[in-house]
Every structure is written in C-alpha cells, then in structure tokens.
Enquirer: 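Let me give you the structure first, and then I'll get to my questions.
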Amino acid sequence: MAHNYDLVILGGGTGGYMTAIRAVQLGLKTAVVEKDALGGTCLHKGCIPTKALLKSANVFQQVKSAAAFGVETTEPTFNLVQAIERKDNVVASLHKGVTHLMKSNQIDVYQGYGRILGPSIFSPIAGTISVEYDDDRENDILIPKNVVIATGSSPAELPALKADHEDILTSDDLVNLTNLPASIVIVGGGVIGIEWASFLQDVGVEVTILEAQDHMLPMFDQEVTKQMKRSLEKKGITVIEQAMIERATKTGSSLQVQYQHKGETHQCTTDKLLMAVGRKANTYKIGLENTDIELDQKGFISVNQNFQTKESHIYAIGDVIGGRQLAHVATYEGKKAVEHIADVAGSTLSDQEIPSCIYSNPEVAMIGLTEQEAKQDGYDYQTEKISLQAIGKAHVNGHTDGFMKIIIDTKTDDILGIHLLGEHVTELIGQASVAKYFDSSALELSEVIYPHPSVSEIFGEAAQAVQGRKNHG
Ligand code: NAI
C-alpha cells in the first residue's frame, strides 16, 4: 500500500526517533522505518545496556570496599545472570517509553526493512521507501517529500580477524554474555575497548588490551590517557600499546593470539577475544545504488553542513555519516536536518561544544580541545590541573584518584578544553558543556558559586588556579 509523508526516517535508533519527534514539533507528517527494535544500538546494544552492566560492576566494587566505610558484609560474589536480567529490565522499560513516545507524537512506525527506490511510478525522484516484511505481508510503499537516513553503524572487523560470535566477539555479543570467561584479550584501546575492559576486570575476568597506536584512547588528552592507563594497570589490566594483532587460532577450549609488538612476534592464550576497532556504516542493502548518494573513503555517507546528501531531499545523520559516533551527536544532527527541511533557524554548535565520555571505572569526560590539539592549532594557551585530592567531597566519597585539567586561550581567557578523570565525572562534564555553550571565560567560571562540599568545586578550583589564584593542591 502507498502512503504519503513529509518525512520518512530510515532507522529508529536514538538519532532516528529523536529526529522524528523534532519533525512532528515542526509540523511534518512523519514515519519511521525500523527493522529491529526502536531505540537501536544505543538502547539495545550500546549506551544503555553497557552502562547498566558497568553500574552492576560498580556496586560490586563498592560492596567489596564497604568495610572501609564501616559497613560489614560477607564476601560478595558477582551474579552475571542477575546483572544481565537487570540490564534487560532497564532496556525494556526505556523501550516501552520510546514506543509510547512514537504513539503520543502520532509518528507512524513501520516495523520492517526499508529500502530506498530510484525514480519510479511513485515519484520522479529517488527516495520512495519500500518497506519489506519477514512474513508474507505485501511491501508498504512510503512516498516522502524528504528522507533522513539514520541507519547507524555496526562493529568493524579486521581483515585478518573475523568474529565467530562464540570466541571471537564483538560488543554486540558481550551485552548478552551468559558466562564470564576466565580471560579476554581486547583488540582496540578505544572507548568500547576501555569500557568493556573496566567492566570485565571489575567482575573478575583477566583482561589484556592490545592497542595498535602509540597510546590507547588516541582522541583524548594525553595526560588523561597516561593516568587512565595507570589506573587500569592498578586494577590488574595488562595494556600493550603499539601492538598489532596478526591472528587468533582456536586450540582446544582457548584461543592462541599472535601479535606484533615493537618489531617482535608475541603470543598469548585467552578464553575469548573482543574486537573493538571502530564501527562501520550501515549502508548495506538500503538502496543507495538507486540514488546519487556518495560515500567517503571509509564508507560513510557524505553530507554537507545541513546534512544533505548528493540528493538534496535525502539527508543522513548519526553514525552512518561517521565523525563523532555518539548518540547525542546523532540527535543534534537530526534536529539540524529537520530544521533545515522545515526552514527554521536553529542553533549551530561546533565540534568543540560536544562532550565525550567513557563510563569506565574511573570515568573520563572531556569537551573542547586536547592539549595536543591546542598546540597543533597554534594557540597561545595555558593549562592547569587540579587533583581530586584537593576536593573535600572526593575524600568523603572515598574517591580521590583523578583530576580536572583546564586549557585556556592566554590571549582571550576563553576555555579551550576541559578534561576530567575520576568518579562521576561523566555527570560533571555537563557543567562544562553549559560553560562552553555560553562561551564562558575562565574568569567567569571562577566567579560561579559552587556548593560546598561537592565535587563540582573542582571547576572553581581549576578556573581560579588558571587565573593565578590556586587555593588547594
Ligand atoms: P574507537 O575508534 O574509539 O577505538 C578503536 C581503537 O582500536 C583505536 O584506539 C584504534 O587505534 C584501535 N585499533 C584499530 N585497529 C587495531 C588493530 N588492528 N589492533 C589493535 N588496535 C586497533 O572505536 P570503538 O572503541 O570501537 O568505538 C566506536 C565508536 O563508538 C566511537 O566513536 C566511540 O566514541 C563510540 N562509543 C561511545 C561510547 C560513549 O560515549 N561512552 C561508548 C561506546 C562507543
């Protein structure tokens, strides 16, 4: 059956469904086509389930150290099945919420596989969407004025190493783990690698990270990266940088892993291997060949500043266009795309205003430039670092490992970057986002009154320190 829409969104992940809501707010008759479950990677395989599992690991660690707070317990054990069940409940409850939002916003959801058609009897231009179903239902034909492609990404694999989903795993496999392995080698010391390393080590798995580059977390400030490496090693994780995996061979019930490290061949034995080497665009079989849409060298859809593809009525947002593959970036891009469709002026944020977080133990959060970027861009800059040791509430909480680093432009006093490491810093970074949005100077940040005692005082301490008025530390 054929249906007309102002906008059809291909993909009902966080980027897709949030774009749909904004489109309806702007008066566009909107449909979403989703082949699996609304909420996509973020809700079902990424952000939410991994953070739910990390929370379980965090509680486990807290109970282990309860005696230091005067709370006597018996030795705790980690129950993976219960942790997975809790994670599933969190996901199910949020999924119900998203489904309700689609209904209350009168967004039509087509639960099937969407494919873009070329010019046809339905429309003289490419962009009609055919929705195919697993059962014997006839395809639905959606005829939109505009399309947003929000099909997301999937774990990338290495040419020499393919996931078998039993022993050689991707992050999609790990969210539904039924047994904890005794050991795991994680290939890739990026965000996914570090979060899983932290979770698995905290619940008793022996973890080794193999990272190809000189430093793990290459996109983060090097002072953070170095401290993070020390923290992970203190937990017992083995971190091997400049390590290129060559192969993983099954021998009995374990895997024999061979890698190159500083010109030498090394081997190690492990139960499981996780590949966390980036994510590839989901463009397979969505009908791009029926359009003039172009891909970049890495296979991501090319778009202009308004998120339009080569077909100006077809937009693309989120992981499928590459760049910062973060749910909050996809949401922002979707909002911009539909505001462009509806010809409404919205705010324009730069990359410098997008926070990035790692929800490991300890957590990492950043916004703006790293010191290496500030140097590369030729800024005359100043940095200051305040340890959590200087913050009373961090002592109360029993978590004084970590710091805040602020980078400012010496000429203008503008905040170039804020980098945090420690407990709950993924919550604190929101304050830095607000400061960046309002284009605050370090002086303004130092004038704000922060509640005492609170970990947020670290912002005032760092901002005052960079003004030459260091109080503690
Ligand atoms: P990534 O790009 O962050 O890290 C991949 C790492 O693998 C890099 O450090 C790279 O040097 C390394 N690598 C590549 N090939 C290798 C090889 N052959 N041997 C050893 N190391 C190799 O990608 P990741 O961690 O897979 O994450 C994908 C995306 O998902 C990222 O954009 C990330 O920001 C996002 N994400 C964000 C989360 C968050 O906001 N907390 C959580 C999870 C993912």
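Index from 1, following the sequence. For ligands, and for the atoms within them, numbers begin at 1 and follow the listed sequence. Since we're looking at a predicted model, the values are computed, not measured.
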Enquirer: Nearest protein heavy atom to atom 16 (C) of ligand 1, by residue and atom, and its distance?
Expert: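 For atom 16 (C) of ligand 1, the nearest protein heavy atom is V277 CG1, 3.6 Å.
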Enquirer: With sequence neighbours excluded, what pairs up with A432 under the side-chain contact (heavy atoms from CB on, under 4.5 Å) test?
Expert: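 Checked A432 against side-chain contact (heavy atoms from CB on, under 4.5 Å); matches are I367, I418, I429, F459.
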Enquirer: Quick check: does V187 get an N/O under 3.5 Å from an N/O on ligand 1?
Expert: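 No.
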Enquirer: Side-chain contact, heavy-atom cut-off 4.5 Å: I354 with L349?
Expert: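 Answer no - side chains too far apart.
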Enquirer: Does A243 reach ligand 1, in the sense of a heavy atom lying below 4.0 Å from it?
Expert: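 A heavy atom of A243 does come that close to ligand 1.
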Enquirer: Could you see which bit of A212 sits under 4.0 Å from ligand 1, with heavy atoms only: side chain, backbone, both or neither?
Expert: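 Both backbone and side chain.
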Enquirer: Quick one: nearest non-hydrogen protein atom to atom 2 (O) of ligand 1, plus distance?
Expert: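 Protein heavy atom at minimum distance: G278 CA, 4.3 Å.
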Enquirer: Taking the side chain as C-beta and beyond, is there a heavy-atom pair between I293 and T283 under 4.5 Å?
Expert: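 Side chain of I293 against side chain of T283, heavy atoms only: no contact under 4.5 Å found.
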Enquirer: Any nitrogen or oxygen of Y359, side chain or backbone, less than 3.5 Å from one on ligand 1?
Expert: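 In fact, backbone or side chain, Y359 has no N or O that close.
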Enquirer: Can you find a pair of side-chain heavy atoms, one from E195 and one from K51, that are under 4.5 Å apart?
Expert: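 Yes - at least one pair of side-chain heavy atoms lies under 4.5 Å apart.
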Enquirer: For atom 44 (C) of ligand 1, what's the nearest protein heavy atom and its distance?
Expert: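 Answer, as residue, atom name and distance: I192 CG1, 3.2 Å.
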Enquirer: What protein heavy atom sits nearest atom 39 (C) of ligand 1, and how far away is it?
Expert: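 Its nearest protein heavy-atom neighbour is C357 O, 3.4 Å.
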Enquirer: What protein heavy atom lies closest to atom 29 (C) of ligand 1? Include the residue and the distance to one decimal.
Expert: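 Closest protein heavy atom to atom 29 (C) of ligand 1: Q325 OE1, 3.8 Å.
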Enquirer: For atom 10 (C) of ligand 1, which candidate among E195, M244, E211, H328 holds the nearest heavy atom?
Expert: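 Checking each option, the heavy atom nearest atom 10 (C) of ligand 1 is found in E211.
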Enquirer: Just jot down the ligand 1 atoms closer than 4.0 angstrom to any heavy atom of Q213, in number order.
Expert: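 Heavy-atom distances to Q213 below 4.0 Å select 11 (O).
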Enquirer: Got the closest protein heavy atom to atom 1 (P) of ligand 1, with its distance?
Expert: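 That would be G190 CA, 4.2 Å.
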Enquirer: Side chains of E371 and Q222: is there a donor and an acceptor less than 3.5 Å apart?
Expert: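 No donor-acceptor contact under 3.5 Å links the two side chains.
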Enquirer: Using salt bridge (charged side-chain N to carboxylate O under 4.0 Å, His left out) as the criterion, list what pairs up with K235, not counting sequence neighbours.
Expert: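 For K235, the residues satisfying salt bridge (charged side-chain N to carboxylate O under 4.0 Å, His left out) (neighbours in sequence not counted) are D202.
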Enquirer: Restricting to non-hydrogen atoms, name the atom on C42 and the atom on T14 that form the minimum distance, rounded to 0.1 Å.
Expert: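 Nearest pair, atom of C42 first, then T14: CB-OG1, 3.2 Å.
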Enquirer: Name the closest protein heavy atom to atom 38 (C) of ligand 1, giving the residue it belongs to and the distance to 0.1 Å.
Expert: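 Going atom by atom, the protein heavy atom closest to atom 38 (C) of ligand 1 ends up being V191 CG1, 3.4 Å.
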Enquirer: Taking only Lys NZ, Arg NE, NH1 and NH2, and the carboxylate oxygens of Asp or Glu, determine whether R22 and E339 approach each other closer than 4.0 Å.
Expert: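 E339 and R22: salt-bridged.
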Enquirer: Using a 3.5 Å cut-off on N or O atoms only, is I245 in polar contact with ligand 1?
Expert: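 No, no N or O pair falls under 3.5 Å.
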Enquirer: With the threshold set at 4.0 Å, does a side-chain nitrogen-carboxylate oxygen contact exist between K234 and D401?
Expert: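 A salt bridge is present here (some side-chain N lies under 4.0 Å from a carboxylate O).
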Enquirer: List every atom of ligand 1 that sits less than 4.0 Å from any heavy atom of P218, numbering the atoms from 1 in the order shown and giving each element.
Expert: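 Numbered from 1, ligand 1 contributes 9 (O).
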Enquirer: Please verify the inter-ring angle class for Y259 with H266; under 30° counts as parallel, over 60° as perpendicular, anything in between as tilted.
Expert: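 Geometry flag for H266 against Y259: parallel rings.
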Enquirer: For atom 7 (O) of ligand 1, find the nearest protein heavy atom and state the residue, atom name and distance (0.1 Å precision).
Expert: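 For this ligand atom, the closest protein heavy atom is G188 CA, 3.3 Å.
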Enquirer: Using a 4.5 Å cut-off on heavy atoms from C-beta on, say whether the side chain of Q227 contacts that of F403.
Expert: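 The answer is yes, as the side chains (C-beta and beyond) meet within the 4.5 Å cut-off.
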Enquirer: I need the contact type for L217 against ligand 1. Using non-hydrogen atoms and a strict under-4.0 Å cut-off, is it side chain, backbone, both or neither?
Expert: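 Answer for L217: neither.
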Enquirer: I need the atoms of ligand 1 closer than 4.0 Å to a non-hydrogen atom of L158, numbered in the order shown.
Expert: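 Numbered from 1, ligand 1 contributes 18 (N).
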Enquirer: What I want to check is whether the side chains of E353 and S350 have a donor and an acceptor closer together than 3.5 Å.
Expert: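 Yes - a donor-acceptor pair under 3.5 Å links their side chains.
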Enquirer: Should L326 be counted as touching ligand 1, given the test is an N or O pair under 3.5 Å?
Expert: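 N/O-N/O distance under 3.5 Å: no.
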Enquirer: I want to know if ligand 1 touches I358 in the polar sense, i.e. an N/O pair below 3.5 angstrom.
Expert: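 Not met; the criterion fails.
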Enquirer: At less than 4.0 angstrom from any non-hydrogen atom of L210, what atoms of ligand 1 do you find?
Expert: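 Heavy-atom distances to L210 below 4.0 Å select 20 (C), 21 (N).
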Enquirer: Please tell me whether S154 and N282 have a donor and an acceptor in their side chains that are separated by less than 3.5 angstrom.
Expert: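 On atom types as modelled, these side chains qualify, holding a pair under 3.5 Å.
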Enquirer: Does A276 reach ligand 1, in the sense of a heavy atom lying below 4.0 Å from it?
Expert: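 Yes, A276 has heavy atoms under 4.0 Å from ligand 1.
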